Enquirer: 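Structure incoming, see below.
The figures here come from the full heavy-atom set of this structure, side chains too, leaving out hydrogens, waters and symmetry mates. Since we're looking at a predicted model, the values are computed, not measured.
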Amino acid sequence: RNSIHLVSGTSNLSTAKVSLVTDEVGCVARDSIVQVGNTMLFLSDNGVYGASFQDLYNLRGNEIPLSESIDTTIRDINKNIWDKSCAVYFDNKYYIAVPLGANSSRNNAVLVYNFINKQWESIDTVGNDSFDFENLIVAGNGENRGVYAVNSFGGVHKLESRVDGVDR
């Protein structure tokens, strides 16, 4: 949570080495970690951060969080359960489900970052307090390939499936 370490030489565990990348930022939700190209994205105490590989063995943390422009929203995440946040990458977008609001007891919102325009494009919620985003997965073939939300009732819902932007 408070640091990032790089483990190298894992082909032989007796010679594996651990080196500190940074002790200024760490991950608060393991299921929020997603690799996009040479960058690892994750939810930290200060928002969504990235760490980029400069070369094969050189990982460096970004100086400011990717989520700086939506910091008000990030500060509204319920820190008591933010370790349950989860994320996926699909179609040039980073989707992260988080528990918004101090009284939220589950992931009730999805934040979407678009890598094409390098902006957070939406903060999606459902108008039903009992609906949650327990997990996000990328699945399907052809036209059915996309991001699916799994809720705690066992429901599976495809995100961004309608042209009008109103998912059902």
Side-chain angles (χ1 to χ4, degrees), residues 1 3-7 21-22 24-79 82-101 104 106-126 131-151 156-168:
R1 177 171 177 190
S3 60
I4 299 174
H5 296 266
L6 177 68
V7 180
V21 174
T22 181
E24 296 175 2
V25 67
C27 181
V28 297
R30 68 185 180 123
D31 288 336
S32 72
I33 302 169
V34 173
Q35 183 170 355
V36 179
N38 68 342
T39 301
M40 302 292 287
L41 299 172
F42 54 91
L43 182 61
S44 76
D45 283 313
N46 297 318
V48 176
Y49 261 89
S52 301
F53 286 94
Q54 305 301 315
D55 55 46
L56 186 58
Y57 303 105
N58 193 2
L59 183 67
R60 293 284 180 250
N62 296 352
E63 292 178 13
I64 60 171
L66 182 66
S67 60
E68 181 182 40
S69 63
I70 60 166
D71 188 58
T72 303
T73 301
I74 295 298
R75 283 187 275 139
D76 195 33
I77 295 174
N78 184 343
K79 293 170 180 46
W82 65 357
D83 60 311
K84 305 294 184 220
S85 298
C86 58
V88 294
Y89 174 79
F90 178 74
D91 198 23
N92 296 311
K93 295 177 185 175
Y94 176 71
Y95 298 80
I96 182 166
V98 297
L100 279 187
S104 60
R106 56 182 148 279
N107 294 334
N108 59 0
V110 175
L111 314 177
V112 182
Y113 182 81
N114 187 316
F115 280 91
I116 301 295
N117 63 18
K118 302 202 182 313
Q119 296 287 323
W120 290 92
E121 72 177 27
S122 66
I123 300 168
D124 299 337
T125 58
V126 177
F131 187 89
D132 66 333
F133 301 91
E134 190 169 276
N135 199 4
L136 299 177
I137 56 173
V138 176
N141 290 321
E143 294 289 320
N144 292 323
R145 185 144 179 87
V147 176
Y148 290 82
V150 180
N151 67 27
V156 179
H157 308 272
K158 185 176 181 188
L159 302 183
E160 299 188 25
S161 64
R162 295 173 45 96
V163 176
D164 63 7
V166 180
D167 295 332
R168 293 184 182 166

Enquirer: Shortest non-hydrogen contact from Lys158 to Gly146?
Expert: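 Result for this residue pair: CE-CA, 4.2 Å.
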
Enquirer: Please check: side-chain N/O of Asn78 versus main-chain N/O of Ser104, any donor-acceptor pairing under 3.5 Å?
Expert: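 Pair found, side chain donor or acceptor close to backbone of Ser104.
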
Enquirer: Do Thr125 and Asn108 make a side-chain contact, defined as non-hydrogen atoms from C-beta onward lying under 4.5 Å apart?
Expert: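 Counting from C-beta outward, Thr125 and Asn108 never come under 4.5 Å.
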
Enquirer: Rounded to the nearest 0.5 Å, what separates atom CG in Leu66 from atom CD in Gln119?
Expert: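 Reported value, rounded in 0.5 Å steps: 9.5 Å.
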
Enquirer: For Trp82, check ring-ring contact (aromatic ring centres under 6.0 Å, His included) against everything at least two apart and list the hits.
Expert: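 ring-ring contact (aromatic ring centres under 6.0 Å, His included) check on Trp82 returns nothing, list empty.
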
Enquirer: Residues two or more places apart in sequence or in another chain: which of them pass salt bridge (Lys or Arg N to Asp or Glu O under 4.0 Å) with Asp83?
Expert: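 If we apply the salt bridge (Lys or Arg N to Asp or Glu O under 4.0 Å) test to Asp83, skipping adjacent residues, there are no hits.
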
Enquirer: Quick one: salt bridge (Lys or Arg N to Asp or Glu O under 4.0 Å) partners of Lys93, sequence neighbours excluded?
Expert: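 Testing Lys93 for salt bridge (Lys or Arg N to Asp or Glu O under 4.0 Å), a comparison that skips the adjacent residues, returns Glu121, Glu160.
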
Enquirer: Tell me every residue that passes side chain to side chain donor-acceptor pair (under 3.5 Å) with Tyr89, counting only those two or more places apart in sequence or in another chain.
Expert: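 If we apply the side chain to side chain donor-acceptor pair (under 3.5 Å) test to Tyr89, skipping adjacent residues, the hits are Asn92.
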
Enquirer: How long is the gap from OG on Ser69 to OH on Tyr113, to the nearest 0.5 Å?
Expert: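 The OG atom of Ser69 sits 7.5 Å away from the OH atom of Tyr113.
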
Enquirer: So which of Val48, Ile96, Leu41 actually passes side chain to side chain contact (heavy atoms under 4.5 Å, CB included) with Ser32?
Expert: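 Between Ser32 and the candidates, side chain to side chain contact (heavy atoms under 4.5 Å, CB included) is satisfied uniquely by Ile96.
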
Enquirer: Is there a side chain to side chain contact (heavy atoms under 4.5 Å, CB included) between Leu100 and Ile123? Walk through the geometry before answering.
Expert: CA-CA 10 Å; Leu100 279 187; Ile123 300 168; 4.0 Å; yes

Enquirer: Can you name the residues that form a ring-ring contact (aromatic ring centres under 6.0 Å, His included) with Phe131, not counting sequence neighbours?
Expert: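 Phe133, His157.
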
Enquirer: Hey, are Asp124 and Ser122 close enough side-chain-wise for a donor-acceptor pair under 3.5 Å?
Expert: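 The criterion, which ignores hydrogens and geometry beyond distance, is satisfied for Asp124 and Ser122.
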
Enquirer: Where do Met40 and Ile33 come nearest, in terms of heavy atoms and distance?
Expert: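 Minimum heavy-atom contact is CE-CG2, 3.7 Å.
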
Enquirer: For Glu68, check salt bridge (Lys or Arg N to Asp or Glu O under 4.0 Å) against everything at least two apart and list the hits.
Expert: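 For Glu68, no residue satisfies salt bridge (Lys or Arg N to Asp or Glu O under 4.0 Å) once neighbours in sequence are set aside.
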
Enquirer: Between CG of Leu43 and SG of Cys86, what distance do you get to the nearest 0.5 Å?
Expert: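 Output value for this atom pair is 11.0 Å.
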
Enquirer: Could you tell me if the side chain of Asn107 sits less than 4.5 Å from the side chain of Leu136, heavy atoms only?
Expert: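 The answer is no, as the side chains (C-beta and beyond) never meet within the 4.5 Å cut-off.
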
Enquirer: Hey, could you give me the NZ/CZ distance between Lys84 and Arg106, rounded to the nearest 0.5 Å?
Expert: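 That separation rounds to 13.5 Å.
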
Enquirer: Do Asn135 and Asp31 have side-chain heavy atoms sitting under 4.5 Å apart?
Expert: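 Contact flag for Asn135/Asp31 side chains = no.
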
Enquirer: How are the rings of Phe42 and Tyr49 set to each other: parallel, tilted or perpendicular (split at 30° and 60°)?
Expert: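 Phe42 vs Tyr49 ring planes: parallel.
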
Enquirer: Should we count CZ of Arg145 as having more than 12 external heavy atoms under 6.0 Å?
Expert: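 Atom CZ in Arg145 is packed in, count exceeds 12.
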
